[in-house]
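A quick write-up on the structure given underneath.
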Amino acid sequence: MQKVLGDFIHALRHAGLPISSAETLDALRAAQLVGIDNAPLLKHSLGMTLTKRLEHRLTYEQIFDQYFTSYDQLKEGYQEAPPQDATEGLEKNAQAEAKSPKQAPLNEPVTNLNSPLAQQLMNGDMSAMQVMISSAATASGAQDISFITQVPMVTYRVMQALGDTEFQQELVRLASSDESSATVQLLRQRRSQLQQQVRDYVEQQYLIFNQNEPNKLRESNLQKVNLTSIDHRNYKLMGELVRKAAKRLASMHSRRRRITKRGLLDVRRTIATNAAYDGFLFHTKWKSTRVDRPKVMVVCDVSGSVSEVARFLLLFLYCLQDVLPKVRSFVFSSDMAEVTQLFEHKGMDLALAEVMQKWANLPSDYGKALTDFEQIALADIDSRTTVIMLGDARNNNEDGNISVWEEVYRRSQRVIWLNPEGEFSWDSADSIMSKYAPFCSHVETCNSLQDLNRILGSVLKRAN
């Protein structure tokens with residue numbers, strides 16, 4: 001049961017359903033309670049533990065029907081009696097040789113078979129065969145098939161893993177004896193049936209694990225496309241991808257870390273812990289330093305020069321607010337405003353629309369914006385604060401107020417500047433990127449989701 005459910009949950013995750021380890025354990029307990037023979041009850045029970053949203057439920061039901069249909073086909077594929085056409089052939093063969101005293105009865109167990117596969121096919125041991133087919137298919141890469149043309153090759157691998165080579169040698173040995181003609185015919189019939197069911201199972205695995213491939217290809221392409229090329233039709237999907245990227249940032253940057261200094265004994269805690277042992281020190285306690293979750297401030301340029309990517313930057317900013325508990329959000333063109341409360345209390349569409357209406361698409365003035373930032377938030381920056389700037393540093397030939405940004409750098413733990421323009425455009429025309437760059441821990445071009453994931457993977461995971 002565990003393998004059946006494990007493969008099923010793997011298929012759901014492959015289709016994009018977010019299923020945690022705890023939900024997997026809940027699903028296993030539910031399956032143990034209701035069993036796997038009552039499909040409607042099992043479908044309802046697993047659905048209650050593995051799905052959270054309506055679109056997830058629809059995907060779940062489709063995969064459940066596909067997966068357990070193939071599982072039932074395997075389960076019902078072999079019976080104690082041979083198929084009807086094989087039975088008729090064997091009966092004719094038995095009547096033709098009825099007078100031969102050497103002919104073994106059809107239903108008499110065959111005890112001289114050396115091949116394990118031949119033995120299982122003769123005995124109709126479906127439970128063992130079912131597990132073997134599933135395990136062999138997984139080991140042979142049935143879940144990794146990308147093209148339907150790979151099905152015959154994987155089917156061959158599965159048959160070889162089941163012991164088909166040894167089985168064929170067994171048939172050659174039995175065919176040399178006239179006494180075993182009925183056995184050979186029966187084994188050939190059952191091998192043909194086994195091969196067809198293995199192929200059906202492999203095809204079913206291909207359908208289960210590849211039905212989401214078009215969406216994955218689309219997501220992969222959107223990860224690479226320049227933000228200026230993304231149209232409104234893809235904003236919803238972009239929202240999901242950005243949310244995943246924001247959660248990646250949260251997992252890298254928000255967990256607590258505990259650093260234990262083994263060389264310094266905490267005498268007070270050690271004595272208190274061992275008070276019940278008459279002074280004997282069974283347990284030692286060491287002094288440690290707890291590093292709390294860092295604070296994050298994200299500043300987003302929404303001026304006219306970045307209007308084509310401003311919505312993406314705001315979307316990223318909103319998703320950070322949703323998944324990172326200590327993030328403060330700021331937007332500016334010339335005047336800067338904190339939008340943390342706006343993002344907390346309004347839905348994404350309403351919040352983004354209000355930001356674009358009030359602060360976006362105006363001429364940029366980094367000097368004025370940094371003056372506002374100094375008044376609003378500079379005093380709150382300390383050694384546990386990470387500041388992330390999303391902007392192109394184009395300042396319309398105004399004063400950039402570099403001294404404020406230098407003070408931000410001096411006070412903070414880390415300063416990261418993500419510029420949507422390519423590096424070849426820095427310092428061209430009214431860009432003053434080179435003036436801010438010395439006071440940044442890291443400066444990167446970020447004009448696609450792929451860039452964002454690369455930056456998060458290489459920079460933010462290195463926590464101090």
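- A donor-acceptor pair under 3.5 Å is absent between the side-chain atoms of N401 and the main chain of L370, judged by distance alone.
- Under 4.0 Å is where a charged nitrogen must lie from a carboxylate oxygen, and between R191 and D164 at least one such pair does.
- Of the possible polar contacts, none joining the D451 side chain to the C446 backbone as a donor-acceptor pair under 3.5 Å is found.
- Taking the six-membered ring for Trp and the full ring otherwise, W417 and W405 have centroids separated by under 6.0 Å.
- Taking 4.0 Å as the cut-off between side-chain N and carboxylate O, R410 and E406 do not count as a salt-bridged pair.
- Summarising the local packing, CE of M48 is surrounded by 12 or fewer heavy atoms from other residues, nucleotides or ligands at distances under 6.0 Å.
- The two residues N396 and D430 make their nearest non-hydrogen contact at N-OD2, 3.1 Å.
- With sequence neighbours left out, the side-chain hydrogen bond (donor to acceptor under 3.5 Å, both in side chains) criterion links D365 to no other residue.
- Of the possible donor and acceptor atoms, one in the side chain of N395 sits under 3.5 Å from a partner among the backbone N and O of Y366.
- With R394 as reference, S428 is the one residue of S425, S364, S428 to meet the side chain to side chain donor-acceptor pair (under 3.5 Å) rule.
- To the nearest 0.5 angstrom, I19 atom CD1 is 6.0 Å from I9 atom CD1.
- Counting heavy atoms of neighbouring residues, nucleotides and ligands inside a 6.0 Å radius, atom NZ of K43 exceeds 12 of them.
- Atom CZ of F439 is surrounded by more than 12 heavy atoms from other residues, nucleotides or ligands within 6.0 Å.
- For Q160, the side-chain hydrogen bond (donor to acceptor under 3.5 Å, both in side chains) test picks out T165, with sequence neighbours left out.
- For E398 and K368, the salt-bridge test fails: no basic side-chain N is under 4.0 Å from an acidic carboxylate O.
- No donor-acceptor pair closer than 3.5 Å links the side chain of T386 to the backbone N or O of V296.
- Judged by distance alone, with hydrogens and angles left aside, the side-chain atoms of S303 form no donor-acceptor pair with the main-chain N or O of S333 at under 3.5 Å.
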